[in-house]
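Some notes on the structure that comes next.
Numbers restart at 1 for each chain; the letters A, B, ... are given by sequence-line order, proteins then strands.
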Protein chains: 2
Amino acid sequence: MHAEQPVRPGRAKRLPRAVRERQIMDAAVDVFSRLGFHAASMDEISEVAGISKPMLYAYLGSKEELFATCIRREATRMMEAIAHGVEAEEPPDVQLWSGLRAFFGFVGENRASWQVLHRQASSQGGPFARELADMRGRAISLVAALLVHSSDFGDVPRAGDKEAESLAAALVGAGESLADWWLDNPEEPAGVVAARLMNLVWMGFGDLVAGDVWHPPSRRSSPEKGS
Amino acid sequence: MHAEQPVRPGRAKRLPRAVRERQIMDAAVDVFSRLGFHAASMDEISEVAGISKPMLYAYLGSKEELFATCIRREATRMMEAIAHGVEAEEPPDVQLWSGLRAFFGFVGENRASWQVLHRQASSQGGPFARELADMRGRAISLVAALLVHSSDFGDVPRAGDKEAESLAAALVGAGESLADWWLDNPEEPAGVVAARLMNLVWMGFGDLVAGDVWHPPSRRSSPEKGS
DNA sequence: AGGTAAGCCTACTGGCGAGTAGGTAAGGCG
DNA sequence: CGCCTTACCTACTCGCCAGTAGGCTTACCT
């Protein structure tokens, strides 16, 4: 132990910038999700990332910039995951179903991302909430468009845009809340949780109480086996 | 004007402890709702309350105790407001409807309380989240019981408790989210927003698209005039 | 009136954490 | 092989804010 190693203790291996940035972002999402924006310190993020604080500032700028970048990255990943699972040609209920499945699938596999997006981002004032509200707004518009379009299938001429938007907000919120609940009760698979929400918003309690359930038009396996 | 007033500039009028505590709590809820837990400073709270910082500590203890007390007070107020609006003898759908109206009524008249409860409390780790999760849990249980009981009216023997709970979580979340949306779109009255959610969760999109709507059993005025 | 306790204050300390100054190793290229 | 650019570090400053020490003032009670 008295012999000096040529390797200085706190010296990280030299890496190209892009790789380090990825590492740092991953560490930041992890720490932000566990502690929240304010309680998270740049010291801890740098420690988790395996580098020193000045590198953080050199690569990602201030704490706020870093956080905003995290939000943007995770939001983009999520929206892409959902968009990937939905096909625009399908009828509205199937589109909704696909979207829900993709959403819960993403949350199940990216819990930290979800924490950052849903809890942290929305509760910090400043530009973060705007960033997040932006994505949320896009999601709501998407659902609202689906609902309006869906009306064309029935005989109701056209629900008010405001009404569709508020319903979409309720639906998105239901999804968020259910996802949170799921994090605390993770024993059930994503598909089952998604199917529950699908039934709730498509059939309503009234029908469910009467024993009616929604199921996809016999393509894949039915979402809830008759247990 | 050059004569000294006997009133010292920063000296507040003497008041009994109970009254001051109320003032302080009101100020705290206001500041916490605007800035969030961390960004809120005890200095600002004391300033808004019209007293000096040591009084805060003398009366309400540390910042964390103060915040927890705020949460408890507001949560209790809200639960009482809702419980007040619901009568246990009514059929399930009417109970749900009453609860929704009471909820949105409360939020409309206590926006700051709602901000503190929904945004701030849930995003801070620590004992606050527990406090809040507690109330939320009670609300969910309440709704879940309603759903289970509701099943007895139909011919389905009994939905699984887990399923009822997750549906209740989704419903509570939908309410929270819709309340948030409403804060940004406050032009509509509480009753209309409540009616939207009622229709969504009771009828489902499937029925709504087909033109069916739920309405209360002809007692009060109908929730949504045929516009 | 005079005592006294409750209500109120100004003015500090101490620690934590964002952001920085200035220096050290290591890979590439002549 | 030496030079220089890029990656990386240790070790600070500085402001903000939770929490406190110690003293003043006013209402009530006898």
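- Of the residues near DNA chain D, B:Ser41 and B:Lys13, the one whose nearest nucleotide (by heavy atom distance) lies more toward the 5' end is B:Ser41.
- Using a 4.0 Å heavy-atom distance criterion, A:Ala39 is classed as making no nucleic acid contact.
- As rounded to whole Å, 14 Å separates atom C1' of C:dG17 from atom CD of A:Glu47.
- Classification of A:Arg34 and A:Glu44 as a salt-bridged pair holds, one side-chain N sitting under 4.0 Å from a carboxylate O.
- Here the C1' atom of nucleotide C:dG19 and the OH atom of A:Tyr57 are 5 Å apart, to the nearest Å.
- When rounded to the nearest whole Å, the span between CE of B:Met55 and C1' of D:dT20 equals 14 Å.
- Mapping B:Gly61 and A:Pro16 onto DNA chain D by nearest heavy atom places A:Pro16 closer to the 5' end of the strand.
- Residue-to-nucleotide contacts include a donor-acceptor pair under 3.5 Å from the side chain of A:Arg14 to the base of C:dA26.
- For the pair A:Lys63 and A:Phe37, the cation sits on the ring face: its NZ or CZ lies under 6.0 Å from the ring centre, inside 45° of the axis.
- When rounded to the nearest whole Å, the span between CD1 of A:Ile51 and P of D:dA7 equals 12 Å.
- With respect to B:Glu74 and B:Arg77, a salt bridge is recorded, a charged nitrogen being found less than 4.0 Å from a carboxylate O.
- You'll find that the side chain of A:Pro54 is closest to C:dT20, out of C:dT10, C:dT20, C:dG19.
- The partner of C:dA21 is D:dT10, by the rule that a Watson-Crick or G-U pair needs both atom distances under 3.5 Å.
- Among the candidates B:Ile51, B:Val48, B:Thr69, the single residue satisfying the side chain to side chain contact (heavy atoms under 4.5 Å, CB included) test with B:Ile24 is B:Ile51.
- In terms of polar N and O atoms assigned as donor or acceptor, the side chain of A:Lys63 never comes within less than 3.5 Å of the base of C:dG17 in a complementary pairing.
- Regarding B:Met42, its CE atom lies at a distance of 10 Å from the P atom of D:dT20, rounded to whole Å.
- Rounded to a whole Å, the NZ atom of B:Lys53 is 6 Å from the C1' atom of D:dC17.
- Closest to the side chain of A:Ser62, from the set C:dG19, D:dA18, C:dC8, is C:dG19.
- You'll find the side chain of B:Leu200 stays beyond 4.5 Å of the side chain of B:Arg196, heavy atoms only.
- We find that CG of A:Asp43 is positioned 12 Å from C1' of D:dA11, with the value rounded to whole Å.
- A straight line from CD1 of B:Ile24 to P of C:dC8 spans 8 Å, rounded to a whole angstrom.
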